[in-house]
Amino acid sequence: MSVSNLLENWAQFRHFHPIDDKPHDPYKWAMSIDLDACTGCNACSVACYAENNLPVVGKEKYQHGHGMHWMRIERYWDEGLGVAGGSDFPDHGAQFLPMMCQQCEAAPCETVCPAAATNHTADGLNSQIYNRCVGSRYCSANCPFKVRYFNWYDYPTTDNVWPAEMNQQLNPDVTVRSKGVMEKCTFCVQRLHAAKGTAKNEGRLVHDGDVQTACQQVCPTGAITFGNLVDHESKVHKQWQSQQVELDKDAQVKDQKEGGSGLRGYRIFEELRPYPSVMYLERVRESAI
Amino acid sequence: MEKDTNESAAWTKRENESPIPKHERRASEKDIRESIAWAKINQDVLKSMETPRKLYWVILFFAFAAFSVGVGCEVYQYQNGMGVSNKNNPHAWGLYISTFIFWIGMSHSGTLLSAILHLMHADWRKPIFRFAEALTTFSLMTAGLFVMVHLGRLWQFYYSVPYPDERGLWPNFQSPLLWDAMAIFTYLSSSILFLYIGMIPDLAICRDHLHEGWRKNLYTWLSLGWEGTDRQWRNFRVTYLTIACFLIPLAVSVHSIVAADFAMSQQPGWHVTSFPAYFVAGALYSGCSAIITLFIILRYVFKFEEYMTLPILKKTVRLTFAIAMIWTYLNAVEFASVWYSHDQASKDVLIQKVIGPFAPFWWGMIFCGSVVPLTLAFKRFQTNIPVLFVVSLLLNLGMWLERWMIVAPTFSHGYYPWTWDHDQWPGFVQWGMVFASFGWFTMLFMGFCKVFPSVSMYEVKEMVYHRKLHLKKSETAEQGAH
Amino acid sequence: MIDSGLDRRDFLKVLGWGGAAVALSGCGNTSVEDGKETVVSYVEAADYVIPGIGVYYNSTCAQCDAGCSINGRVREGRVLKLEGNPASAINRGRTCGLGQAGVQHHYNPDRVREPLLRHGDKNEVITWDKAYALIAEKLSGAKGDEVAFLSGGVSGHLKVLLGNYLDSIGSKNHFVYEALAPAVVRAANKKAYGVEMPRYNINKAKVVLSFGADFLGAWVSPVHFSQQYAQFRKGVDGQRGVLIQVESKMTLTGANADRWIPVRPGTEGILALGIINALGTASGDIAAAVKGYDRARVSKETGVPPGQIDKIAALLKLRSPSLVLAGSAAEGYAHGSQNAAAINLLNQVLGNVGKTVEASTSVPFPQMAPAKGNTVALKSLNDGLAAGKYKVLFCYAANPVFTAPGAMKFKDHLAKAGFKVAFAHYLDETALQADLVLPLDSALEDWGTQVPEYMTEGAQINIQQPLMEKLHANTRGMGDILLALVKQRRAEEYKSFDDYYAYLRGAMLLNKNALGGSGADDDTFWNETLTKGIVKLAGSAGTLSGKASAAGLTLPVPSAADVQYPLQLIPGVTASLRDGRHANQPWLQESPDPLTTIVWDSWVEIHPKKAAELHITEGDIVEVTSRSGSIRAQAYLFPGIHPDAISVPLGRGHEALGRYAKGYGANPFQILDAVFDQETGELAMHETRVKVSKTGQRVVVVKDEGAAGGKQMGRKIAVLVTTDEVDLSKEA
Amino acid sequence: MSQRHLLALFNNFEDAEAAIYELRAADIKGFKFDDLTLKSPIEHHEVESVLGQRSANVQWFSLGGSLVGGLLGFFLISGSQANFYAQMKGGKPIVPFPPNFVLTFEMCVLGGVFITILGFLICAGLPAKRSPLYNAKVSEDQIGVLVKADESAMPKIKGVFLNHDVLEIQEEVSK
Amino acid sequence: MHRLLRLSILLMGLSVAVSGYAADAPQPTLTTEDDLGPQVVQPIEFPHDRHAGLRNPGDPLKGGMEIDCMYCHTYARRSAVAGIPPLQKCIGCHQSIETVRNKPRIQELFKYWDAKKPVPWKKVHDLPDFVRFNHERHIKRFVEQQNRPTQEACGYCHGDVKQMTVARRSKALSMGWCANCHQKDHPVTAAGGTPVGNQAYWYGFQKPVADAAGGEYKAPDTNNIKAQGPNDCWQCHK
């Protein structure tokens, strides 16, 4: 009875998230990425293609910006490079940043979807339901990170995307998306569900290390940490805590310390208040050289 | 006026051929001749529904041709996916949404002229409000088409319609797109009803003066047995007034909701507080200029020189000029507030428009939207039909560019520099669809004008009657004074 | 493991196609669809085969020679994804992108499926029996030394079997060719340390000074080094390791360096000697040898500012132990050996030998140790072919027609060989020149053992086992083919082995005790071995000699500008495409190059300053001309390259191989000059001089990077701090 | 006593008005003034001074309609937001006010307009069959006065009309 | 005015009805218990009634054998898919049951066995491919943790299979139908499957209530707190 439900539970329907409520019990999936360890090798991106049935769109479509890499590695140069007064060479190397859906707690994409195809799940994920998507692309328009990818063509039926034998590699746990739907990084929700199912069967919670995302699992330098932020034993929780980054803040206390806090945890576009679930650790460069 | 170009001279010549005696036209700046007989009004308007000039058929043919292009594009896009329209991941919307806003904006003219002027008892609206309302209705229909065309999975559009279904799912009422859908639905149905209600007495006239055929049946059904009794007129007046009252806030809400599509988002260049006002002003602006365009076309095609008179045109033009200046001001406010803020991302978008790859279009918009209307301030142009025709088309072009300049630069130049993309231009499918929308609109509009009276006969009669009454009164008063 | 009776196609339609069927049905219809699909069912099924549940098998990655152990997820008989095997000391559960794409090698639609007899451009499908008979026939008409076998790096039992086969033919002409092997460094190491490939402890070093060693990208064992690198960055006692990369073209490792030093191409050795000089700690003949390399001269010759040299020297002095690496950029010159020797000398001077450079362990079965590929082999084969010495040529795991320098004219010489047999996965450029093409099983269908060249702590033998049933009925494992061939000659000796699997099992069981299986019964041992996928061995640790000396060290002064060919061509080695053998795996093609973010195409890296001089802008199609030929590719303005050099990545520009490789990009191998290292005779890859000219054509560079380039435009996206701003010891 | 209809057509409103004034003053037996209907091609609101204030209740429909629309809108939306599948979106409450306000407003207008139209049809007695005494001229330029009266009153009424330049008088054919 | 009143009442009634229908969770249009789904033609007409049906004490040759569902559909408790038993399993029994050996259906079965080909059974309960129903979780919950009879637990979705020969769908298996169950009270227990913590009820918005009486079935570990079942979209669509 929806109307009676509405009236009975009025207070709960009026909670703002994540400031007012803390529904993250027992799970809140979160990630931290150490940019100092990330070498930009692209293994995570390829692993994501393998795990999540991402189509290879080919040169021409890639040129038109139709690439479907849920996880993309961005390469930045120092701001001083090549400008007057700066160096002609990237003396401190490049800077790599793996960028995928930040699973924002207050995701700008969720509110704008007309069909309610993208929602916030109880364990802190930004769900994308392909079969509900009508393809208005409003979510992508409103994503500050631009990490949502639209199926501009029907890739399953496109030549050379998954030809003859190649389609046998498709992961049966992940729906292959047809034309006209939006998709994005899911934190490998199929793996999370399998792990949760196993844990439930055994009457326990998912322990840290029970489940890894595909990108985390492959990362040669272990730059990606993934886990349950609520679980105090999890590595990701310890990292967030030691970096004094809090989920429901739009500016961290540590950042207001004069002279710096000596910590390097930050979240991208925190000030826009999407409350991302991915903490990055700043890249470090030696000052003595 | 006489000193103008050859083309102008030709128009003047045509003007001379018009059924209004020259001296009468010249004599007074009257909106309408009081001496027109009511029977002649009936006769003229009814004739327009039967024998328009040949140009009518030419327009209809080209409109249909343009529409067919769009059908082809849509079939192609439907089968192959949205990618064929040359959109990509930052450029998710492209021309469809900007043209959607354009048509929504255009729809505001009908309401403005009809409802606001009706409430203000500005009776010069009477000969032109009918086609303005039709303009509202059909441009809304055109706009609605773009919502559909824009969807990646058109065949699933009903997922965003609120109806109780077996799944127990509802659309997301938080989405401004849903507000849009709701507002447009409300606006469209209200506009159609407003148009229809206002047309009932005229439908009765049509019914009475046709003898047989499908049209007779159509008018008989649609006129609901209207006889013009005092009871009918009385309730008609109240109803018309009430709906006009409903429509004004509704119209404002519609375009501010369309503005909310952008303002409610978080993107630089969109997340602007003044957007609703800006959108509404832009909407009225494009609506008014569209009215001028259609005024000129209808006046010629249906030989309405006696009803759609130059003084009325002049009033419309002056209104348009005022709105153009409001729009210009709001434009300036928007840029100023962005500039004054320290939001680097929004500034970047603005700079991108002014000197980036969009600069030609942006400056085109400023030229068409703010500079061109300055001509309207000159009295000599206010009744110069060829000039007005060109100017009104330019204004519309400017308004279309404005919508494009709202939508596209934020996509190409959003928060995230890595995804900036300055090379993606709309593909032929998008242009085809935009082109076709004009055909579709013209087709519907011209069709309407042929089937239904595009000048409100009873209101013109009222106008003539009241003017005459007024004239008589003032004459009496004059005589009394003597 | 997999039931032979299973109708694979049928059941793939049921579960495997589930995803695809969604797409085809348009995701929309919520009504159930009874009776339209067939449900999966087996005839017989092992207990652990449960539909919907993935089973994991251990095997070894065959995408490169590093020997990472993998763990394949198999569901309903299909291998879906490869993960790293955590038990392996090499990759510890991790893989690289190239390794991930292994499944695409297996499922590749362009694999050769039938034995093909080639007549010009036409293929005739023949049976295996006929193919074997043909080989026997051709061999009977040739003397032992008229038979040559060209292969890539091989190891393990396959190497043994191959050796036996060549022995049975009486041929000693086994050419082991790898286009991108660190062969000069091996030789220099042998001289300096007494071993070809010592163990580098990047994780123990406080400073790593790398002369063009792309150990994070494509050098030797990148996944292993990446893990060490992560530890190195975390540092000992919160003191983070410092990476200094000296190279003329920025590699992935260079992009991760604290200080990247664009050295003039070829002067790496001079810089190394200059640093020794600046350190001032050397004595004896070393001190004498470096005496002339004062900072002014070194700076002038290398282009590195004097202050920089001092800073490096000071840091190296301050933080010990350090590690100096000589990589492919240093070795790729005519004086490559000298460069490498000078760099190794620096290691010696810094006292790193024994600390961060340690002796490697080797497998106690020398016959299984890897046959290391190099380019000398190619040269001698090429010479032999040119002389028309060979009547029969076998080619396995190498694509010399694609990778041989254009100046060698290998393709022309190859035509002189009488009968060419290619064992191939794809119809690559070399296979197209062959007379007989024999289709190979993919690494995920085949049995094998592998001994990696670069060993980490302890030695290990990697097991390769099929992760699924053969995709194509008529492909064969290389082991099976060799066994069949060797049986032609020594039937008696091998008659007890039905197939390579039996051979492998037999061979492993024979040495059960040495392989750590003493006491276990055969089946237990064997099953355990397969389960683990790795056999860990005590191994025999060698010792390092540490006898690097400056004797004979002569480094040429950089040559004066070449007016006709003013630029140095640096062939870029990317982590995903390497020498191009995997270019037909679309994930790799679409995986952006980390530094330029370009996909699906080749490019010419030019420093923006140089480009401005030449009026070249991004997307200009430029012609790169060397003395040996020319190629065309799009220009990309890249700040991470020395202005006197340009770089074109290797691996693309295939004329064959498959639908994802053919016609994409240009092949810089084609324009390499045939210059060789004076000491080892290895091909000097970096010694080609070129000129660049605009063709007038322009394209849009297909890349992931947006219009902002690599700039963050004032946003706080990827943040950089220096070590004095952070306290790493606080971190969890 | 049987009643009959009679339609008189006038050339202009003044004549008709004068005739109606006279009819009102005449107090003819068998004729109630409320049974007089004016048919005109345009609305003459001056007619009120002759006919008196006759009721027009459409505005009450408007009020009711917009209230019903608004309430329905709010509860339909809020209720459906609070269904089983309620999912948090963008950190906003499940039942958020700003969107629901917007939609309630739209529903309010929608309800208002629809019910107003309904009210109009009800109040104006539409749709209806045209009365047999209808002249197409009424929709052109003539004013019609339709009266319903006892047969006995007819001659008097006709007389009044004839006094005022009536163009034509149509009578219902007696049964 | 009567007409007006009637119309108003009609209108109000209509709106109340629509809003009532709309606001409350709509009931899926079910195929009724008697109304079986479409007949699916199987390669062998498998008699479920003979295998799973109740024994006939009078004539053992006529009645069923009361075989547990999961004797054959053994994957259901271990995997998301229930699966069809391998042919081996059928043969395992049937090669020693001489009495029916010559029946045409059994002969057909052996034909497949001799050819070593799997029987191409058709899916009967075939959900759209974007729906991921997990058999294992449901079996664990109802059969293992709540000790309900297998046939009852399976019957929730599959109907009374023991009465059928070839299985036919007898439930709607639509989204609303699934939600019907999920919307009912779920016990929140450590072992009961629904995770302990706030998440269980937070999004379903039904506060947990202590139910002293308990349901008909009392799971041993229940601490009698009830909430709604999992409701997030990713539960079934991934």
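Reminder, nothing fancy here: chain letters follow the sequence lines and each chain counts from 1.
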Which portion of [X] sits near chain C, non-hydrogen atoms under 4.5 angstrom:
X	result
A:Cys38	backbone
A:His69	side chain
A:Ser87	neither
A:Thr39	both
A:Pro98	neither

For the residue pair [X] and [Y], establish whether any side-chain heavy-atom pair is separated by less than 4.5 Å.
X	Y	answer
A:Tyr76	C:Val719	no
A:Val218	C:Gln100	yes
C:Arg73	A:Asn171	yes
C:Trp600	A:Val57	no
C:Met468	A:Gln168	yes
C:Arg78	A:Pro172	yes
C:Glu590	A:Tyr49	yes
C:Arg259	A:Glu286	no

Quick test of your reading of the model: are [X] and [Y] salt-bridged, counting only N-O distances below 4.0 Å?
X	Y	value
A:Arg72	C:Asp704	no
A:Arg191	C:Glu83	yes
A:Asp34	C:Arg233	no
A:Glu165	C:Arg113	yes

Can you list the steps and then say if C:Ser226 with A:Thr221 is a side-chain hydrogen bond (donor to acceptor under 3.5 Å, both in side chains)? CA-CA 5 Å; C:Ser226 292; A:Thr221 57; over 6 Å; no

For A:Trp77 together with C:Phe638, are the ring centres under 6.0 Å from each other?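 Yes, they do, as the ring centres are separated by less than 6.0 Å.
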
For A:Arg283 against C:Ala255, the heavy-atom pair lying closest together: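 For A:Arg283 and C:Ala255, the tightest heavy-atom pair comes out as NH1-O, 4.3 Å.
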
To the nearest 0.5 Å, what is the distance between [atom1] ([X]) and [atom2] ([Y])?
X	Y	atom1	atom2	answer
A:Gln95	C:Asn256	CD	CG	10.0 Å
C:Glu725	A:Arg264	CD	CZ	12.5 Å
A:Arg285	C:Asp258	CZ	CG	5.0 Å
C:Lys81	A:Asp173	NZ	CG	12.5 Å
C:Leu588	A:Asn42	CG	CG	10.0 Å

Examine the side chains of A:Ser287 and C:Thr723 and answer whether a donor and an acceptor come within less than 3.5 Å of each other.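 Side chains of A:Ser287 and C:Thr723: pair found under 3.5 Å.
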
Mind checking side chain to side chain donor-acceptor pair (under 3.5 Å) for A:Thr198 and listing every partner two or more places apart, or none if nothing turns up?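 Residues passing side chain to side chain donor-acceptor pair (under 3.5 Å) with A:Thr198: none at all.
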
Is A:Gln169 reaching over with its side chain to a backbone N or O of C:Leu80, donor-acceptor style, under 3.5 angstrom?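 Yes, A:Gln169 side chain to C:Leu80 backbone: donor-acceptor pair under 3.5 Å.
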
Any pair with a residue in residues 96-105 of chain C that passes salt bridge (Lys or Arg N to Asp or Glu O under 4.0 Å), sequence neighbours left out, goes on the list, sorted by first then second residue, please.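 For residues 96-105 of chain C, and leaving out neighbouring residues, there are no salt bridge (Lys or Arg N to Asp or Glu O under 4.0 Å) pairs at all.
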
